[in-house]
Amino acid sequence: MPPVSPDVASIRSRLLAWYDAHARALAWRAPPGEAGGIDPYRVWLSEVMLQQTTTAHATPYFLNFAARWPTVRDLAAAPDAEVMAAWAGLGYYARARNLLACARAVAGDHGGVFPDTEARLLALPGVGAYTAAAVAAIAFDRPANVVDGNVERVMARLFAVETPVPAARPELRRLAARFVTDHRPGDWAQALMDLGATVCRSRSPLCGQCPLAADCAGFASGAPERFPLKAKKADKPRRHGVAWVIVDARGRVALERRPDKGLLGGMLGLPTSDWSTVPEARTPPFPGDWRDAGAVEHVFTHFALTLHVRTAQAAHLGAYDWRPAAEARSALPTVFAKALDRGLAPALFL
DNA sequence: CATGCGTGGGC
DNA sequence: TGCCCAAGCAT
């Protein structure tokens, strides 16, 4: 049972009115009142890019993808390597592999038309509970309980939920469900997320501008920023490794395609040693005149990495995928782009 | 249900 | 600087 009994209709009407006046203009979004007016392909593409990703980071990628592959059929027909390279730098690369798998499923099994129900959307690769609900609500204006991190935060504050996440998730989801109706469901979902993103922010919430402050138990408590409570996180281990920057006589760099599963799966990368918890000497891929180019630091979700960089000139070896340096850099995940920059820097002084 | 999976920005 | 955080999903 929630600690208070909210006036659902009043909260809904005030938040929708706030959204009508304050909705963010985003590249993939229809103005308030026009939910359902956007191509479901663009809604889906934006939602996948926005998973655990800020709007500022996702926006240029969205514009590039939407221009380069204007329809789901175009994306489905694109070569894997081009899509992975276009995703480079956005992170969580399983999303890009699932994006392609989903586009091909829609093109192949659904006649190029996105399904319009939550249940059938949920069956698509890379589409989970949040994304299925978001596409159903935003693209098709169907009632759906759209619960992302913003909505969890708004609910946790509105009802001053004292249970920490992730344990509180089922309760927060039930609380959010009480507000879902068939009136403007797409705008409701976006209104809640916009409120969470711009007013009911994680740090320093702007309660003075919040249309729901009068109903908010978190605001009444005097410390709304305390919600949602969080379980303590485990410490991040550090790993060490070596990346080898191998350059041929024409200035091309040796790359390798990484296996589909696991860290940076499916992406191009520099040849590397194992990344283990102890720093130790690593045997280079072939004997030669290796130069130490220093190290780069990079922090992944669950570990920090010290990556030492060593460089060598080499004859063109068939075992690698050789790319001009600029092309290589643009196709690489950030950790390898940093290592490549480090490895090529000494060449400036030769 | 816990874990693995990126990155850049803010303080 | 070192943490925390941001429109989650798959296994």
Side-chain angles (χ1 to χ4, degrees), chain A residues 24 26-29 42-62 84 87-99 101-102 121-139 144-154 165-170 173 176 186 189-198 200-205 225 228-239 258-267 269 275 296-305 307 332-338:
Chain A
R24 289 176 294 171
L26 301 171
W28 45 83
R29 175 179 277 185
R42 295 168 66 90
V43 174
W44 161 77
L45 178 61
S46 69
E47 291 300 341
V48 173
M49 288 183 169
L50 288 164
Q51 291 166 8
Q52 297 290 283
T53 304
T54 59
T55 57
H57 195 190
T59 294
Y61 287 83
F62 173 83
M84 300 309 286
W87 197 276
L90 197 52
Y92 285 136
Y93 298 98
R95 291 185 297 172
R97 301 195 300 279
N98 285 327
L99 189 84
C102 182
L121 287 161
L122 193 55
L124 294 168
V127 177
Y130 163 75
T131 303
V135 174
I138 298 168
N145 192 20
V146 181
V147 183
D148 69 340
N150 287 309
V151 177
E152 287 181 353
R153 185 169 56 257
V154 171
V165 287
R169 295 239 154 85
R173 168 170 289 279
Q190 294 177 98
L192 217 37
M193 290 191 283
D194 268 25
L195 187 76
T198 65
C200 196
R201 307 183 297 193
S202 179
R203 284 173 291 231
S204 55
E225 68 284 352
L229 280 65
K230 309 240 168 153
K232 189 173 170 58
K233 288 173 187 166
D235 288 346
K236 214 167 262 197
R238 176 165 296 278
R239 297 187 193 174
R258 298 173 62 85
D260 274 345
K261 306 258 179 197
L263 189 74
L264 311 174
M267 298 296 289
W275 298 347
V296 296
E297 296 293 326
H298 193 77
V299 181
F300 292 97
T301 307
H302 54 297
F303 68 93
L305 176 69
L307 190 59
L332 288 171
T334 299
V335 61
F336 290 125
K338 284 156 73 171

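Numbered from 1 within each chain, the chains take letters A, B, ... in sequence-line order. Computed from a prediction, not measured in an experiment: that's the story for all the values here.
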Between [N] atom [atom2] and [X] atom [atom1], what is the distance in whole Å?
X: A:L121; N: C:dG8; atom1: CG; atom2: P; answer: 17 Å
X: A:Y130; N: C:dA10; atom1: OH; atom2: C1'; answer: 18 Å
X: A:R258; N: B:dG4; atom1: CZ; atom2: C1'; answer: 14 Å
X: A:L124; N: C:dA10; atom1: CG; atom2: C1'; answer: 15 Å
X: A:R239; N: B:dC5; atom1: CZ; atom2: P; answer: 7 Å
X: A:L263; N: B:dT7; atom1: CG; atom2: C1'; answer: 12 Å
X: A:F303; N: C:dG2; atom1: CZ; atom2: C1'; answer: 18 Å
X: A:D260; N: C:dT11; atom1: CG; atom2: P; answer: 12 Å

Review item, side-chain donor-acceptor pairs of residues 123-137 of chain A, under 3.5 Å, at least two apart:
from: A:Y130; atom 1: OH; to: A:E47; atom 2: OE1; distance (Å): 2.6
from: A:T131; atom 1: OG1; to: A:Q51; atom 2: NE2; distance (Å): 3.0

Describe the nucleic acid contact of [X] in one word from base, sugar-phosphate, nothing, applying a heavy-atom distance below 4.0 Å.
X: A:L90; value: base
X: A:G265; value: nothing
X: A:R153; value: sugar-phosphate
X: A:A56; value: nothing
X: A:R97; value: nothing
X: A:V151; value: nothing
X: A:T131; value: sugar-phosphate
X: A:L99; value: nothing
X: A:W28; value: base
X: A:V299; value: base

For atom P, what is the distance between C:dC9 and B:dG8, given to the nearest Å?
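Here C:dC9 and B:dG8 have their P atoms 22 Å from each other.
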Gap in Å between the two P atoms, one belonging to C:dA6 and one to B:dC5, rounded
22 Å
DNA chain B: A:P166 or A:Q51, which has the more 5' nearest nucleotide?
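Nearest nucleotide further toward 5': that of A:P166.
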Between A:R95 and A:P170, which has a closest nucleotide on DNA chain B that is more 5'?
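Result: A:P170.
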State whether the distance check finds a donor on one side and an acceptor on the other, under 3.5 Å, for side chain A:T301 versus base B:dG6.
yes
Determine whether any donor atom in the side chain of A:T53 lies under 3.5 Å from an acceptor atom in the base of B:dG6, or the reverse, and answer yes or no.
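Such a pair exists between side chain and base.
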Ignoring backbone atoms, test whether [X] places a side-chain nitrogen or oxygen under 4.0 Å from the OP1 or OP2 oxygen of [N].
X: A:H57; N: B:dT7; answer: no
X: A:Y92; N: C:dA10; answer: no
X: A:K233; N: C:dC5; answer: yes
X: A:K230; N: C:dC5; answer: yes

Among residues at least two apart in sequence or on other chains, which ones pass salt bridge (Lys or Arg N to Asp or Glu O under 4.0 Å) with A:R173?
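Checked A:R173 against salt bridge (Lys or Arg N to Asp or Glu O under 4.0 Å); zero matches.
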Using salt bridge (Lys or Arg N to Asp or Glu O under 4.0 Å) as the criterion, list what pairs up with A:R201, not counting sequence neighbours.
none
Spacing of CG belonging to A:L192 relative to CG belonging to A:D148, to within rounding of 0.5 Å
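The CG atom of A:D148 is 8.0 Å from CG of A:L192, to the nearest 0.5 Å.
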Check: A:T301 and A:Y92 side chains under 4.5 Å, non-hydrogen atoms:
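In contact.
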Between A:L26 and A:N98, the residue closer to the 5' end of DNA chain C by nearest nucleotide is A:L26
Quick one: side-chain contact (heavy atoms from CB on, under 4.5 Å) partners of A:R169, sequence neighbours excluded?
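Applying side-chain contact (heavy atoms from CB on, under 4.5 Å) to A:R169 gives A:E152, A:V165, A:P166.
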Could you go over nucleotides 9-11 of chain B and give all protein N or O partners under 3.5 Å, atom names and distances?
none

The criterion is side chain to side chain donor-acceptor pair (under 3.5 Å); which residues satisfy it with A:H57, sequence neighbours excluded?
none
Give a yes or no on whether the backbone of [Y] and the side-chain of [X] come within a donor-acceptor separation of less than 3.5 Å.
X: A:Y93; Y: A:A88; value: no
X: A:R239; Y: A:F303; value: no
X: A:R24; Y: A:A197; value: no

Would you indicate which nucleotide in [options] comes nearest to any side-chain atom of [X]?
X: A:T54; options: B:dT7, C:dG8, C:dA6; result: C:dA6
X: A:H298; options: C:dA10, B:dT7, C:dA6; result: B:dT7
X: A:S202; options: B:dG4, B:dG8, C:dA6; result: C:dA6

